[in-house]
Amino acid sequence: MTVTAAPGVRPTPAVPARAAQATARPRDLTAVVRGRRLIVCTGSGGVGKTTTAAALALGAARRGRRTVVLTIDPARRLAQSLGLRALDNSPRPVRGVEGLHAMQLDMKRTFDDVVERYAPDPARAARIRSNRFYEQLSSSLAGTQEYMAMEKLHGLHVAGEWDCIVVDTPPTRHALDFLDAPRRLTDFLEGRLLKVFLAPGLAAGKTLGRAVGLGTGLFMRAASRITGSQVLDDLGGFFQAFEGMYDGFKRRAQSVYGLLQEPGSAFVVIAGPEVPALREARFFLRRLQHEGMPTAGVVVNRTTPPPDPALAGLDRGAVAAAAARLDGGVAERTTAQLLRLHLDRVDVVAREQRTIAAALRGLDPPALVQVPLMDSDIHDLGGLAAVGRYLYQDG
Amino acid sequence: MESTRLWEPRVLIVTGKGGVGKSSVAAALALAAVRRGRGRPGRTCLVEIEGRQTFSRMFDTRPWDFTEREFRPGLFGMSIDPEASLSEYLDLFYGARRLSKLVVGSTMVDFATTAAPGLKDVLLVGKVKEMERRRDPDGRFHYDRIILDAPPTGRIVNFLRAPEATTELVNVGPVRQQAQTVVDMLLDGRRTHLQLVTLLEEMPIAETVDSVHALRSLGVTVGPVVVNRVMPARFDEEGAATLADGLGPTQVAGMVGRGGLALDPAAAAALRETGLRHLRRLALQERMRRELAARVDLPTLELPYVAGDDFGHRELSVLADAILRATDPGR
């Protein structure tokens with residue numbers, strides 16, 4: 001059963017649930033929007049990452065910090081909620097909020113920009129861009145989106161004009177992919193495969209064949225059986241065109257990885273109150289711990305708010321018994337349903353809090369914020385501000 | 001197209017926006033398919049492709065892998081991974097044992113999937129196609145139904161486009177042939193439906209509308225839309241009307257008193273508000289239902305919200321029954 005926060009009711013301070021209040025952690029993300037320079041929002045799909053990222057950025061900007069929010073979500077709804085017709089690959093000011101900018105990652109454009117900027121000469125850049133394999137790599141290869149998010153982040157960081165950069169991570173099958181993808185791509189770029197293709201002609205098959213324990217002929221035969229020989233040519237051309245640029249890719253990926261580990265950065269792990277999203281959040285929290293990444297807290301969106309305190313003292317058995325006795329006319333019937341509805345809500349709240357507590361057991365994130373289910377989706381700055389009231393105190 | 005046409009094709013590819021319960025719906029569809037087939041021998045296979053072990057947890061079985069295992073009578077499950085698919089594919093087409101051994105070390109898979117991005121997806125769907133075409137010695141299809149828990153809507157277009165992209169990139173050879181037969185299966189509405197899952201909420205509906213267009217422009221057939229987690233009305237019509245105007249806090253306190261429970265005025269008002277909130281939520285849901293109907297020309301199949309600490313067999317069973325009530329009304 002889903003229950004809405006009553007409209008017009010001033011939200012209780014962040015973390016309304018009793019279970020969460022019992023622990024002695026700071027309740028919200030006020031310190032994060034006040035002081036962190038890089039905020040990374042992560043979590044599984046459909047949990048409200050983009051909205052949370054935008055609300056955090058709004059909070060930072062309202063504190064007078066020059067802020068940019070980078071979204072990966074291709075849906076235009078964030079743009080709408082920020083009052084922008086569309087977002088593109090560079091920061092655009094958000095009208096009505098001093099210092100707030102928004103942008104949306106365009107994977108292909110970012111890759112093109114990277115090639116443009118780091119290729120030794122324009123002819124080489126053109127050669128890369130016209131390669132068929134590059135076409136595929138830059139628009140669809142798994143991992144490219146995460147890698148380009150990293151490149152963009154690097155670009156924003158070195159530009160030095162932002163007090164706060166907020167980024168929501170791509171909707172990968174695992175939130176963890178965001179941390180792995182750049183390393184995977186650089187491993188790939190500097191791996192055996194690359195060396196093979198940098199060697200001209202048949203030597204390629206020989207080297208790679210040796211690497212996997214086969215003769216040249218057999219390897220090349222196997223490879224072209226699987227992919228066709230045209231593909232091998234494209235791939236070879238791609239690698240050769242990229243020669244000399246690999247170190248730069250690797251350096252930037254390492255630099256961003258280092259940046260993420262700095263204490264000025266903050267990971268915010270986002271979930272919904274359902275088991276799968278919370279399970280994913282738990283995995284991610286443990287992974288962050290393992291990688292030495294600064295975890296700022298957990299946001300659980302769309303929780304069911306607890307029943308009105310006026311109903312808190314009611315005894316469960318007495319309520320159920322009263323409901324069972326009422327089966328007269330429409331007024332009695334309706335009242336009995338009211339009582340049952342109340343009991344259901346008590347159950348839902350208890351179940352959600354149990355699930356949240358179980359997911360976080362032993363992990364002790366610095367902050368835990370629950371944002372109750374709102375009456376409708378977030379359409380505008382007002383909606384983001386309403387979410388913000390749960391995430392941080394007025395600044 | 002009526003929701004009874006859900007079962008027309010033998011392959012159902014289930015997708016939806018993240019968080020709408022796509023995997024639960026896929027599992028419930030599989031259960032429903034098996035129940036539907038009761039009384040005659042038949043097989044349904046539920047297929048997972050991202051190795052997340054969602055289903056082995058839901059059904060409380062041992063971890064799933066590339067082996068198709070019967071975990072309930074008539075219901076099989078397997079988890080496809082690209083390496084095993086490539087290995088099997090090479091074996092099948094070349095009897096190339098040396099090659100498959102090589103493939104077990106993942107260098108070759110890395111190589112192949114990097115050289116032809118999308119090949120991984122071709123291999124995954126290619127395995128589904130192999131299962132769909134497989135026949136028993138008596139000539140009948142081995143599986144009556146195959147349910148694939150596919151990537152979410154954000155990635156489904158690339159996933160389904162991979163075979164065709166591969167045919168564009170690779171113009172000769174067995175991979176091209178394999179990709180072509182996969183394309184043939186995907187584009188044949190008698191063999192394959194895309195099954196969208198949504199919620200009666202704004203963002204999932206908006207994404208469903210976009211996906212229907214994107215999927216149709218790929219040429220695939222989109223089946224009835226499964227609407228998950230529909231909140232049931234708790235008051236009958238008369239009751240809802242009474243609550244909205246006749247039954248004030250004082251009356252609520254009076255009625256509860258008749259049931260033998262004393263409520264103070266604040267509690268009575270809060271209890272009444274709980275009911276009004278429920279009605280507001282229902283009204284919102286109804287608006288969303290109309291919006292979906294106005295923007296998508298497909299029948300819908302609604303599944304109730306089912307509560308449970310851990311989504312398991314009991315909850316899936318309720319959903320499977322709801323599916324069958326809609327698709328097989330005379331049953």
Side-chain angles (χ1 to χ4, degrees), chain A residues 1-4 6 44-47 75 77 132 136-137 140-141 171 173 188 193 211-212 214 222-228 230-232 235 272 275 277 307-308 310-311 314 318-319 321-323 325-326 330-339 341-342 345 347-348 351 354-355 375-377, chain B residues 17-20 50 99 102 105 107-108 110-112 114-119 151-152 154 158 169-176 201-203 206-207 231 234-235 238-239 242-243 247 251-252 255-256 258-261 266-267 270-275 277-278 280-281 284 305 307 309-311:
Chain A
M1 156 103 4
T2 45
V3 184
T4 342
S44 55
V47 295
R77 284 165 282 276
R132 280 206 300 177
Q136 290 278 333
L137 178 77
S140 63
L141 189 62
R173 89 191 140 119
F188 164 70
L193 213 55
V212 296
L214 284 175
S224 54
R225 266 180 186 176
I226 296 174
T227 64
Q230 173 66 46
V231 173
L232 293 184
L235 190 58
V275 175
D308 191 296
L311 295 168
L314 291 181
V319 172
R325 276 185 218 111
L326 292 170
V330 60
E332 281 201 9
R333 222 166 58 226
T334 306
T335 304
Q337 279 302 71
L338 282 177
L339 292 168
L341 206 52
H342 166 68
R345 181 160 167 197
D347 289 347
V348 170
R351 190 173 59 241
R354 271 200 308 276
T355 311
D375 260 335
S376 66
D377 275 354
Chain B
K17 182 177 172 5
V20 300
E50 299 196 317
L99 280 183
L102 162 66
T107 312
M108 195 64 177
D110 273 357
F111 170 78
T114 309
L119 181 57
N158 268 349
L169 198 68
V170 184
N171 32 30
V172 288
V175 163
R176 193 206 154 88
E201 290 174 19
E202 262 170 80
M203 298 268 276
E207 198 157 316
M231 181 176 55
R234 299 293 295 266
F235 302 101
E238 199 186 359
T242 306
L243 186 61
L247 205 64
Q251 287 84 352
V252 168
M255 287 296 147
V256 174
R258 265 197 231 175
L261 182 67
L271 187 61
R272 180 170 178 272
E273 177 55 29
T274 304
R277 188 179 289 128
H278 170 75
R280 280 199 300 273
R281 198 79 203 152
L284 180 66
Y305 176 88
D309 260 21
D310 209 354
F311 220 82

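So you know, we letter chains A, B, ... as the sequences are listed, proteins then strands, and number each from 1. As the structure is a prediction and not an experimental result, all values here were calculated from the model.
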Answer key: most heavy-atom pairs under 4.5 Å with chain B among Ala321(A), Ala331(A), Ala277(A), Ala318(A) is Ala331(A)

Distance in Å, Thr334(A) OG1 paired with Gln251(B) CD, rounded so as to fall on 0.5 Å steps: 12.0 Å

Distance from Glu273(B) atom CD to Leu311(A) atom CG, nearest 0.5 Å? 10.5 Å

Taking the side chain as C-beta and beyond, is there a heavy-atom pair between Leu243(B) and Leu338(A) under 4.5 Å? yes

Test Thr274(B) against Arg345(A) for side-chain contact (heavy atoms from CB on, under 4.5 Å), laying out the working first. CA-CA 9 Å; Thr274(B) 304; Arg345(A) 181 160 167 197; 4.3 Å; yes

Might you point out which heavy atoms bring Ala310(A) and Ala267(B) nearest each other, and give the distance in Å? O-CB, 3.6 Å

Can you name the nearest heavy-atom pair linking Ala322(A) to Leu261(B), along with the distance? CB-CB, 3.9 Å

At a 4.5 Å cut-off on heavy atoms, which part of Leu326(A) comes close to chain B: side chain, backbone, both, or neither? side chain

Leu284(B) versus chain A, the contacting section by heavy-atom distance below 4.5 Å: side chain

Backbone N or O of Phe235(B) within a donor-acceptor pair of the Gln337(A) side chain at under 3.5 Å? no

CG of Leu271(B) to CG of Leu341(A), rounded to nearest 0.5 Å, is 8.5 Å

Below 4.5 Å from any heavy atom of chain B, which atoms of Val47(A) appear? Answer side chain, backbone, both or neither. neither

